[in-house]
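Treat the numbers as computed from the prediction; the structure is a model and nothing was measured. Scope of the values below: all heavy atoms of this structure, side chains included, with no hydrogens, waters or symmetry mates.
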Amino acid sequence: MSCRRTAAHLSCAMAIFVSPWLTQHAHAQTLTMRAALTRALAASPRLTAAERDIGVATGQRTQAGALLNPELSYEQDNSFGSGIYRGTRSAETTLQISQAFELFGKRDARIAAGAAGIEVAAIQRKAIRLEVLSETAIAFLSVLGAQRRIQILDEQIAAIDRLTPLLRRRVEAGASSPAETGRAEVASALVKADRERFKATLASARRELAVLMGDPVAKFGEVSGRLDTMGRPPTFQSVVAAIDANPQLVRWTAVYAQRNAELLMARLRPYPDVRIAAGWRHFNETNDDAARLTVSVPIPVFDQNQGNILSAQESLAKTKAEREANRNTLIVIAGRAYDSLQGSLRELAVLRETAIPKATEASEAISQGYGQGRFTLLEVLDAQASVAQARLREQEALQNFHAGVATIEGLVGNPFALARESAR
């Protein structure tokens, strides 16, 4: 799959997971997942550096195919001596051009190594592209989750504040102690303190997302998306099988080809090249001319390149171990993400089936009973806090689920197929 096609599929998939119902005419400053991914790909310096690596490798491949330059030489013998060799009267001058010819496929081996280097750089760029998409998606989810948590706390503060008129009437009627007014204010202040903490978290998340999109500060408004679309993931075995298609692992095939070509180059280096020269010689003493032909071949007696051959052999043998180590690392990362999203699904099941409905039901009943004098303010506040905490836990689990999906997508290089469930 091409880099562009993979990125397009991954962008679409992440947009589906997080923002399946995008507003067609949203405010210009509202940021969607799709827009964030597009901007991050366009602004990523890591991608730019990876593209330059392809250019570097292309230059090396071009240089590898260059032929050796010929050499032009001039020689003058039997001159500026004594006797009959005084001056240049008896001089012999030779003008010669020589060319070295590489034998035994040395140039072909260099070209093969250079071509493999281009492939390694190109595949590495695909891997970095997937990493940028995954990191941007997770940063977007962090902003979206923080926004939602702040909304939940605002709703909790509003619920506490709605108690104030009723509380005052109860105090005036002598049904409640004036101290309860202070207790309500303290409860509201504590929730507001939590909200400020989440605002700081939101600010950091927005800055991280902005930097990924190439801006030093966040220039967008709110982010737009939904976290409540869930699905059942495939088996972890299928995830592990898909990891083999990750560009980080695919590139090792090209690395192996490159190192194999380098080993061949090291083995061929001791084989001698042939240098052929042809020249013209002029004899001043007799004013005669003659042709000169030279063939030279180095004798590989002392340096047979054994050290470089051993180094290239070890480097080639190292490739398999490096690939396996890389694969193990990816499996560990995928395993953590998979366990996280599975745990999030189980947590959501408990929260949605029991905790949130029961807490909401209890809070409504206690709030109604408080107006009738059957419950205390503390019980009302505790019930409201339980609802808020359950909803905050739900948002955290939703964010962790989609972050796990984004992480695995970045590892498998394709959209993560989920068995869809209806949204709440």
Side-chain angles (χ1 to χ4, degrees), residues 1-14 37-38 40-65 108-138 212 238-265 312-335 337 405-417:
M1 180 179 293
S2 67
C3 179
R4 181 176 299 175
R5 184 178 177 185
T6 300
H9 284 180
L10 186 57
S11 301
C12 292
M14 289 179 178
L37 295 175
T38 300
L41 289 176
S44 173
R46 294 170 58 196
L47 270 178
T48 301
E51 290 170 356
R52 301 287 78 79
D53 285 339
I54 296 176
V56 170
T58 301
Q60 293 173 345
R61 159 61 184 84
T62 301
Q63 186 60 39
D108 292 338
R110 287 202 312 273
I111 292 175
I118 294 177
E119 187 175 0
V120 170
I123 297 175
Q124 182 64 22
R125 183 185 181 277
K126 293 180 182 180
I128 293 175
R129 190 180 183 92
L130 291 176
E131 290 176 0
V132 170
L133 287 170
S134 180
E135 291 171 0
T136 304
I138 293 172
L212 287 171
S238 63
V239 173
V240 172
I243 283 179
D244 288 329
N246 186 292
Q248 291 190 40
L249 296 182
V250 174
R251 76 182 181 91
W252 287 107
T253 301
V255 171
Y256 184 86
Q258 183 181 30
R259 292 180 178 177
N260 195 46
E262 291 171 352
L263 174 59
L264 180 59
M265 290 167 53
Q313 287 174 334
E314 293 300 318
S315 181
L316 180 63
K318 181 183 175 183
T319 303
K320 182 178 180 181
E322 287 178 322
R323 183 190 181 280
E324 288 304 309
N326 195 176
R327 185 173 185 271
N328 290 341
T329 299
L330 295 181
I331 291 174
V332 169
I333 296 173
V405 170
T407 299
I408 294 176
E409 281 193 334
L411 295 177
V412 303
N414 287 299
F416 192 36

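Considering all non-hydrogen atoms of both residues, Ala337 and Ile408 come closest at CB-CG1, 3.8 Å. Nearest heavy atoms, Ala406 versus Ala137: CB-CB, 3.9 Å. Contact between Thr407 and Ile333 at its shortest, heavy atoms only, is CG2-CG2, 4.0 Å. When all heavy atoms of Ala127 and Pro247 are compared, the closest pair comes out as N-CB, 3.6 Å. Residues Val120 and Arg251 share a closest heavy-atom pair of CG2-O, 4.2 Å.
Residues satisfying the salt bridge (Lys or Arg N to Asp or Glu O under 4.0 Å) criterion with Lys318, sequence neighbours excluded, are Glu322. For Ala43, the side-chain contact (heavy atoms from CB on, under 4.5 Å) test picks out no residue, with sequence neighbours left out. Partners of Arg323 by salt bridge (Lys or Arg N to Asp or Glu O under 4.0 Å), not counting sequence neighbours, listed by chain and number: Asp244. The side-chain contact (heavy atoms from CB on, under 4.5 Å) test applied to Glu262 returns Ala113, Gln258, Arg259, not counting sequence neighbours. Remark: Leu264 pairs with Ala109, Leu268 by the side-chain contact (heavy atoms from CB on, under 4.5 Å) rule, at least two apart or across chains. Scored by the salt bridge (Lys or Arg N to Asp or Glu O under 4.0 Å) test, Glu135 finds Arg46 as partners (sequence neighbours excluded). Looking at residues two or more places apart in sequence or on another chain, you find no salt bridge (Lys or Arg N to Asp or Glu O under 4.0 Å) involving Glu119. Every residue two or more places apart in sequence or in another chain that forms a side-chain contact (heavy atoms from CB on, under 4.5 Å) with Val240 is listed here: Phe236, Arg327, Ile331.
Leu41 CG to Arg129 CZ: the interatomic distance, rounded to the nearest 0.5 Å, is 4.5 Å. For the atom pair Ile128 CD1 and Gln248 CD, the distance stands at 9.0 Å (nearest 0.5 Å). Rounding to the nearest 0.5 Å gives a distance of 12.0 Å between CE of Met265 and CG of Asn260.
Put simply, the side chain of Thr329 gets close to the backbone of Ala325: a donor and an acceptor are under 3.5 Å apart.
Screening Val239, Asn246, Leu330 against Val412 for a side-chain contact (heavy atoms from CB on, under 4.5 Å) leaves a single residue, Val239.
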Walk me through it: do Leu212 and Val132 pass the test side chain to side chain contact (heavy atoms under 4.5 Å, CB included)?
CA-CA 8 Å; Leu212 287 171; Val132 170; 5.9 Å; no
For residues 55-64, tabulate all N or O donor-acceptor pairs below 3.5 Å that involve a side-chain atom, not counting sequence neighbours.
| from | atom 1 | to | atom 2 | distance (Å) |
| --- | --- | --- | --- | --- |
| Thr58 | OG1 | Ile54 | O | 2.7 |
| Thr62 | OG1 | Thr58 | O | 3.0 |

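For residues 49-59, every residue pair satisfying the salt bridge (charged side-chain N to carboxylate O under 4.0 Å, His left out) rule, not counting sequence neighbours, is listed here: Glu51-Arg125.
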